[in-house]
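A, B, ... follow the sequence lines: proteins, then strands. Residue 1 opens every chain. Because the structure is predicted, anything quoted here is derived from the model rather than measured.
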Number of protein chains: 2
Amino acid sequence: MTKAALAAKAPEERRERILRATIAVVRERGFAGARVTDIAVEAGTSQGLVLYHFGSLAGAFAASLTLLEDEFYEELERNLSEVVGPVPRLRHIAELGAGYGPAVGDWRLWLELWVRAIRDDDARAARESLDTRWRGALRQVVDEGLAARVFATSDPKASVLRLAALMDGLAIQLALADPGMTTGKFTELWWKSAVLELGISPVNTATGPQGGRKKR
Amino acid sequence: MTKAALAAKAPEERRERILRATIAVVRERGFAGARVTDIAVEAGTSQGLVLYHFGSLAGAFAASLTLLEDEFYEELERNLSEVVGPVPRLRHIAELGAGYGPAVGDWRLWLELWVRAIRDDDARAARESLDTRWRGALRQVVDEGLAARVFATSDPKASVLRLAALMDGLAIQLALADPGMTTGKFTELWWKSAVLELGISPVNTATGPQGGRKKR
DNA sequence: GCCTATCCTGAATGACCGTTCAAGACCTCC
DNA sequence: GGAGGTCTTGAACGGTCATTCAGGATAGGC
């Protein structure tokens, strides 16, 4: 049965490989430039199989969005759990945005998603869900900070909205490699706004003392 | 000669009409969805003429970007001159972003430009120029305010960067009609940030007294 | 060990669309 | 008033894909 079980999983694995390939290709060429053939090659299968599983190219796009959502959620949670205490956590978020990984590529993917969301309902739903979740996470950190009295804001919801929007706006410049924008500047610009927005006192600004990053 | 002069202008007028049509079509369908035929129909001419003037569809896109830049500059200047004094001017900017016109459509065009800028050099150059100019205008207002001692910031450049980025970020939500985002909220969220960022005292917050909008 | 449903392939199909082109209109300048 | 350039047209061309399809492989149930 072990062999059977493994074998039974094969089609499912193929399917997922195609979804990952779809995301990779979109990241590379954008929705507008992604071809069925590109996806098939990237996934190491045939065009036919892409269509067999998802019915159409648009279907593959749509399906890949839900994978994207799932992974985003997962990674977000993993990332935030790495760090304790509202201030370090917020600082961590500032650094996450700049990303230690292939952040520029990721932000480009985000831009692609925004534009697709203008005209495609699946994309619209996905980006809305992603954004809501993301703002929710930020909100949670803010609430923690308020409860601990290290943050102060009269309108947490508005503060979160602004901080989230600021990150998107800075991300555009990062994604487009605007001259003068670097990951370091990204982090510092956002962090400074967060400090201002949430009335974090300079005493609390240092990340060292009350918690801090675990590593990396 | 009057008739001759008018006639001589005709080709040039056609050309410009095509460029405007190009922008209109891109606004409507995005770069990815804009066809030569769409542009021709929108401009009331033939496909052939579009290619005759601009060599290729990409050429028409590129040329339309410079028209876009020109008009953006012009409108920006016109808009800012409508109002005097740093605080009212800043407030005016907050309202401009939300736009009393077809702002949502315009922001969508902006999104399109951002994504195209990822892979197309003309678009990259255009958006960079647009953005630089825009930040320059904001900077000028900030400097005015600093000189008049109604604004206070330790790092005007960073403040401008943040306020510009925040506007872009909020614009995404406006463009995508994120539930809960309206033009009114857009203005207020941004304005509140500007007040915080530039240390505008509540006394100066009211737009009425020392200058204010002219009308509309 | 066959049978059937699922999975998979890649060649064939056909639509779409950018670009080319041959022809004609129109203007200007001589 | 006509020669020669610039404009303008729309039909024809050719390339690029998404999608279809006919046929195989594979595997689990009988």
Side-chain angles (χ1 to χ4, degrees), chain A residues 1-26 28-65 112 116 119-120 122-123, chain B residues 1-26 28-65 112 116 119-120 122-123:
Chain A
M1 197 238 183
T2 65
K3 192 179 171 187
L6 281 174
K9 231 176 255 170
E12 191 50 39
E13 277 170 359
R14 287 285 200 124
R15 203 188 123 97
E16 191 179 320
R17 185 182 306 219
I18 291 172
L19 291 180
R20 287 185 199 288
T22 303
I23 295 171
V25 171
V26 169
E28 183 71 28
R29 320 198 184 218
F31 281 104
R35 313 267 159 259
V36 174
T37 303
D38 299 331
I39 295 172
V41 168
E42 175 82 23
T45 73
S46 64
Q47 307 178 34
L49 193 61
V50 176
L51 280 302
Y52 171 77
H53 276 304
F54 306 106
S56 67
L57 178 58
F61 286 157
S64 73
L65 291 178
E112 292 285 347
R116 180 149 247 256
R119 293 171 189 92
D120 176 87
D122 293 311
Chain B
M1 197 232 183
T2 66
K3 192 178 170 188
L6 281 173
K9 230 175 255 167
E12 190 51 38
E13 276 171 1
R14 288 288 203 131
R15 201 188 125 97
E16 191 179 321
R17 185 183 304 219
I18 290 172
L19 290 180
R20 286 184 201 290
T22 303
I23 295 172
V25 171
V26 169
E28 183 70 27
R29 318 198 184 217
F31 281 104
R35 312 269 158 258
V36 173
T37 303
D38 300 330
I39 295 171
V41 168
E42 176 80 25
T45 76
S46 65
Q47 306 178 35
L49 195 61
V50 176
L51 279 302
Y52 171 77
H53 276 304
F54 306 106
S56 67
L57 178 58
F61 286 157
S64 73
L65 291 178
E112 292 285 347
R116 179 150 248 254
R119 293 172 190 92
D120 175 88
D122 292 312

| Atom OH of A/Tyr52 and atom P of C/dT9: how far apart are they, to the nearest Å? | 12 Å
| query | In what stems does DNA chain D take part, counting only runs of at least 3 consecutive Watson-Crick or G-U pairs whose two distances fall under 3.5 Å? | reply | C:1-30 with D:1-30
| So, are B/Glu13 and B/Arg17 salt-bridged, with charged N and O less than 4.0 Å apart? | no
| In whole Å, what is the span from the CD1 atom of A/Ile39 to the C1' atom of D/dT19? | 14 Å
| request: Looking only at non-hydrogen atoms, find the nearest pair between A/Ala62 and A/Asp122 and report the distance. | output: CB-OD2, 3.5 Å
| query | Which whole-number value in Å describes the distance from B/Leu51 CG to D/dG10 P? | reply | 14 Å
| More than 12 heavy atoms of other groups within 6.0 Å of B/Glu42 CD | yes
| message | Apply side-chain contact (heavy atoms from CB on, under 4.5 Å) to residues A/Ile39 and A/Leu57 and explain how you reach the verdict. | response | CA-CA 9 Å; A/Ile39 295 172; A/Leu57 178 58; 3.8 Å; yes
| Given the rule in the side-chain contact (heavy atoms from CB on, under 4.5 Å) test, do B/Phe61 and B/Val26 qualify, once you have shown the distances and angles that lead to the verdict? | CA-CA 9 Å; B/Phe61 286 157; B/Val26 169; 3.7 Å; yes
| task | State whether A/His53 places a side-chain N or O below 4.0 Å from either non-bridging phosphate oxygen (OP1 or OP2) of C/dC8. | result | yes
| request: Look at the side chain of A/Leu49 and decide which nucleotide, out of C/dC7, D/dC7, C/dT20, has an atom nearest to it. | output: C/dC7
| query | So how far is it from B/Arg29 CZ to A/Arg119 CZ, rounded to the nearest 0.5 Å? | reply | 9.5 Å
| field | Donor-acceptor contact present, side-chain B/Arg35 to main-chain B/Ala40, <3.5 Å | value | no
| task | Provide the closest heavy-atom pair for B/Pro11 versus B/His53 in the form atom of the first, atom of the second, distance. | result | O-NE2, 4.1 Å
| Distance, rounded to the nearest Å, where A/Phe54 contributes CZ and D/dT20 contributes C1' | 18 Å
| message | Rounding to an integer number of Å, can you tell me how far A/Arg29 CZ sits from D/dT16 P? | response | 14 Å
| message | What is the distance, to the nearest angstrom, from the CZ atom on B/Arg17 to the C1' atom on D/dC7? | response | 15 Å
| request: Can you figure out which of C/dT19, D/dC7, C/dC7 approaches the side chain of B/Gln47 most closely? | output: C/dT19
Report, one pair per line, the protein and nucleotides 13-17 of chain C atoms (nitrogen or oxygen only) whose separation is under 3.5 Å.
{"unit_1": "C/dC17", "atom_1": "OP1", "unit_2": "B/Arg35", "atom_2": "NE", "d": "2.8"}

| request: Output the single nucleotide from D/dT8, C/dC8, D/dT20 whose closest atom is nearest the side chain of A/Arg14. | output: C/dC8
| task | Taking all heavy atoms of B/Leu51 and all of B/Ser56, pick out the closest pair and write down the distance. | result | CD1-CA, 3.3 Å
| So what does A/Ala58 touch, heavy atoms closer than 4.0 Å: a base, only the sugar-phosphate, or nothing? | nothing
